[in-house]
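What you are looking at is a predicted structure, and each value in this text was computed from that prediction instead of being measured. Here is how names work: the chains are called A, B, and so on, in the same order as the sequence lines, proteins then strands, and each is numbered from 1.
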Amino acid sequence: MSVKSLVSISDYSKEKILQILEKASAFEKNPNQKILDGKVVATLFFEPSTRTRLSFETAVNRLGGRVIGFADASTTSGTKGETLKDTIKMVSNYVDLIVMRNPIEGAARYASEVASVPVVNAGDGANQHPTQTMLDLYSIQKTQGKLDNLKICMVGDLKYGRTVHSLLMAMSHFNPTFSFIAPDELKMPDEYKMFCKKNGIRYEEHSELSENNIADADILYMTRVQKERFTDLFEYEKVKNIYILKNSLLEHTKANMKILHPLPRVNEIEQEVDENEKAYYFEQARNGVFARQAVICDLLGL
Amino acid sequence: MEKDIKDKKELKVAALRNGTVIDHIPSDKLFKVISILKLSNCKCQMTFGFNLESHKLGKKGIIKVADKFLKQDEVNKVAVLAPNAKINIIKDYEVAEKKTLELPDEINGSIKCINPKCITNNEPMQSKFVTIDKEKGLFKCYYCERVVKSEDLIIE
Ligand SMILES: [Zn+2]
């Protein structure tokens, strides 16, 4: 297919990433425009994700476009028993762009092959969720004034967390230093550490979220440590309280440091941290609208 | 005397007039090679040797296919499973060409993704793997992006 889509963050070059971030910044200054006037966007959510869907739909609505779609495939008889290919072919006839979330991994890549309009992957199982990465990058750039030469601390589930993997790949263009802080069972997989070595990216590994280990971070990227990920529940009991961020841990961090989290959080960031000026996760979510406006308009050549 | 005994231990596989010989296949890979080349759908005459004595491999497998000349993309599929196999094209009882095995850049079909949540295992469609490291034998599912070592590939 010659139609452009956004399936994986690696579909974007460094230049493209910077171009999209610039576009996102323009949308932040002026989020209500009529540039999608007359366009229809489908949001096909084969599994529910209210947060992501509302963000995409807000992005389209603020630009004057219209949205059709479904929020949960199990309530949509029209898609039952039908192949993904047939659903995508049908919807392609109606809309200018498809936003799809699907628990099946690789579904977005396949949809982009069979669709006659651009497809934006809004999450395909444990695989990719590139607009999350774009809003993370946008948040980093906005709070630090740059993307280059930053120290990024990633905390929590670094084994299964797709957001940290995609962020690692995307940040690799900007000479970062990484610190991976995770319990032994949820360490950063070897393939990503090999990727760092191959590309001359410095990283350190720690198994404890301590004041010392985050002292020189510019970005503290928190993720949730889920009980279900542990084969050994004893191991979970041991680590569950070490990975909770409290104000007391933040006292000696750098003044420019910001805390990001892809949300939803459960208990890995104490409520008291919300009032800390270093907390950025709610603004981060707001940035998602601008990043998605930029991605959609870019794919439509607008 | 000793030589005679050794000769008798070697199972003779019929000579081939025209066709392809795939030799030095590790025994445990023989049936996978047959499968990846889809030889069971082939009408040609074939001889398979299984668990033959081999100094190098311990037990080896051999495939002789009459009147079929493997093309380079088929040779490359064999490389996925048995990188040290020897493939010779035979014409009129003579070795007409020795094929060089090289991992393909891409494998379409024949391999099943190990990820049960992969779209290729949930839709009537062909799988596709991209070779990401020829030396280490690492392959990536083009769709779910799962990376698999060559020994863990599931051949359909
Ligand atoms: Zn796959």
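Residue Asp73(B) places its CG atom among more than 12 non-hydrogen atoms of other residues, nucleotides or ligands, all under 6.0 Å distant. The neighbour count for Lys193(A) NZ, taken as heavy atoms of other residues, nucleotides or ligands under 6.0 Å away, is above 12. Residue-environment remark: CD (Gln45(B)) stays at or below the threshold of 12 foreign heavy atoms within 6.0 Å. Within 6.0 Å of the NZ atom in Lys134(B), the count of heavy atoms belonging to other residues, nucleotides or ligands exceeds 12.
A distance of 12.0 Å separates OG1 of Thr83(A) from CG of Asn122(B), quoted to the nearest 0.5 Å. Rounding to the nearest 0.5 angstrom, the gap separating the NZ atom in Lys85(A) from the CE atom in Met125(B) is 9.5 Å. A distance of 10.0 Å separates NZ of Lys117(B) from CG of Asn102(A), quoted to the nearest 0.5 Å. Note: Asn127(A) CG to Ile119(B) CD1 = 11.5 Å, rounded to the nearest 0.5 Å.
Contact count versus chain B (heavy atoms, under 4.5 Å) is highest, among Glu105(A), Glu191(A), Arg109(A), for Glu105(A).
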